[in-house]
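Read through the structure below, which is laid out as structure tokens, and then see the notes.
Each ligand, and each atom within it, is numbered from 1 in the order the structure gives. Source: prediction; values computed, not measured.
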Amino acid sequence: MLTAAIYIRKSREDADKEAHRLNLQREQLPAYAISRGWRPVIYDDGYASASRENLANLKERARLESDIRANRINIVLVLEFSRISRDDSMEDYARFIGLCKDHGVKLATPSQTIDPRQTNEWLLAQITGSLSAAEMQQLKTRMAEGRAEARRKGKFNGGVCPPPYRYDKARERPVIDPDSLDTMQRIWAMAETHSARLISETLGLPHISVRRALADDRLMFCQALRIDSETGDTITCDWEPCLNADQSARIKAARQIRSNHKKGKKTYSSLLTGLELIYCGYCGKTIKTWHNSRVKLDGTRINYYGCQDQTCKKSRLIPQPAIDQGITINILNSLSKMDDLIKAWEATHRGENPGAELARIDAGIKAAETKKHRLVTAITEGIVTLADARPTMHEITATLAELTLVKTQITSRAENPPDWESLTITADDCNRMDLDQKRQFLRITLKRIDIYSAYAVLHYRFPRKPGEYTAKINLPPPQPGRYHK
Ligand SMILES: [Zn+2]
């Protein structure tokens, strides 16, 4: 088994992100090493200050060097090659790589492994050492792949083991803790017939821990099972199960019945409450229902929509029927001209050809990679010095990062036309719908509603006219002295 020295160190850039990045290194590098079949040994200088004056504090780096000299190490694994250098100087970096070369040690990041004995790879390492930040995203992707691989093999993810398990370092997997197993078995037994609240009261446990204990992922964990997020297959994990499938199914079924029961009771008094659709046009906060205690002479009572922020000066309380009706009428009018809507959609999306745009970007990425390769060759052949090549290399990497980003944006933007069939609706259909159906219908029609003092702006999910997604409805003027907050 190859021994991989994991070297952890702060970087001098991005001081604010360092806490997060150190965690990333401490959690993910060992996991990555294990997923590659390497035996990880940690050298952690993450606690040392990264400032230039404190180089002497990098004690682990010194220990690593002496272990390399003693031929105890096969691979040095770092988050980015730049972490290897003590002071970010090319001299120190080159010296360390030279040491690795002499002792047949390879250098690895989660995205690549290089052998310093190969001249080209040695040069590449020198260059990539200065490009770490820009290639961060790529590294993360590779690390995620390494974790995914370990997950597929049913290995523990790292982090905290949920009860009744604890992590056994020697066996490198979760093991059952008999004391907490007893409690868990009582929780599971009760959960077949009782609510989480009652269990927490009976057993004197915090409500939230009982709820967590009964969550789907926990029940799976206790059966030593896991769902492969890609294939949907069930993976058997490498620890011992303590819950059987039948009991797990009974617990889930009991929870389902209780939750349906609760949902049946839930009613909404107004069309738009709780849809996360309606916002204050002035401050952007959610609009909420303000209940009116005053009952009119005919026995009805009108509630109001208003900004949840009572200090929001420009907003006012608006009677709910005015907004509910205004919106319903606007939607019905828009949908009554279905042919126009379909034409507007086609006109808006005509000429869009993400395929061609993507091809252009791919060509750009390929060109940048060719350029990068040529530059490395030029350095290898002594045509360009390393120092001269660095600015160009930075430029190429920046271009690559930008193109990749644009590519992601285009891919995620690709929109599908709405389901016109389900949007075909008449005023009669609308009258026959109950409040819940109306609320569902609103969701597929509108993206957002902004409420102003005299009008509301509706943001449709599809264009009403070519390129135009919004509609404005007027609201009744305020009745002075009566409806103000
Ligand atoms: Zn507001």
Side-chain angles (χ1 to χ4, degrees), residues 16 208 262-263 265-335 341 344 348 409 412-413 415 418 423 425 427 430 433-485:
D16 330 336
I208 184 71
K262 226 192 262 166
K263 266 183 211 146
K265 270 192 199 162
K266 180 131 192 163
T267 54
Y268 288 98
S269 56
S270 63
L271 186 61
L272 296 159
T273 309
L275 279 179
E276 282 166 46
L277 208 59
I278 181 165
Y279 297 92
C280 171
Y282 300 107
C283 71
K285 290 184 183 138
T286 329
I287 292 279
K288 65 167 250 183
T289 294
W290 292 85
H291 294 279
N292 183 4
S293 55
R294 185 170 27 189
V295 179
K296 288 205 293 189
L297 283 177
D298 63 3
T300 60
R301 185 163 63 177
I302 298 176
N303 289 327
Y304 296 86
Y305 290 123
C307 183
Q308 61 153 313
D309 182 356
Q310 282 179 288
T311 65
C312 183
K313 292 257 160 50
K314 285 172 120 177
S315 80
R316 65 175 174 107
L317 293 180
I318 298 161
Q320 285 188 340
I323 292 185
D324 290 358
Q325 281 161 23
I327 287 170
T328 310
I329 290 167
N330 193 278
I331 290 174
L332 286 173
N333 277 341
S334 303
L335 295 178
L341 289 181
T348 305
Q409 281 166 349
S412 64
R413 198 179 63 202
E415 267 182 280
L423 287 173
I425 185 178
C430 183
M433 287 185 188
D434 63 21
L435 193 62
D436 225 40
Q437 289 170 320
K438 279 183 192 164
R439 286 162 59 83
Q440 275 170 23
F441 192 73
L442 269 178
R443 263 193 188 289
I444 61 167
T445 317
L446 299 181
K447 238 182 203 163
R448 180 187 175 99
I449 304 162
D450 289 318
I451 304 288
Y452 296 85
S453 168
Y455 58 93
V457 176
L458 315 186
H459 300 263
Y460 278 84
R461 292 189 178 274
F462 43 82
R464 296 172 71 243
K465 290 172 189 164
E468 193 187 307
Y469 287 78
T470 56
K472 194 168 148 185
I473 60 169
N474 291 316
L475 299 173
Q479 303 193 15
R482 287 193 59 200
Y483 300 127
H484 282 290
K485 280 190 273 187

Check for a donor-acceptor pair, side chain of Tyr452 on one end and backbone N or O of Val457 on the other, with a separation under 3.5 Å.
->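 Flag not set: sc Tyr452 to bb Val457 has no pair under 3.5 Å.
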
With no hydrogens and no angle check, is any side-chain donor or acceptor of Trp290 less than 3.5 Å from a backbone partner on Gly306?
->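 Yes, the answer is positive, given that a donor and an acceptor are paired below the 3.5 Å cut-off.
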
For [X], all residues meeting side chain to side chain donor-acceptor pair (under 3.5 Å), sequence neighbours excluded:
X	answer
Lys285	Asp309
Thr470	none
Ser334	Tyr460, Arg464

Identify which protein N/O/S atoms are less than 2.8 Å from the Zn ion (ligand 1).
->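 Near the Zn ion (ligand 1), the protein supplies Cys280 SG, Cys283 SG, Cys307 SG, Cys312 SG.
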
Donor + acceptor pair across side chains of Asp324, Tyr305 (<3.5 Å) =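 On atom types as modelled, these side chains qualify, holding a pair under 3.5 Å.
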
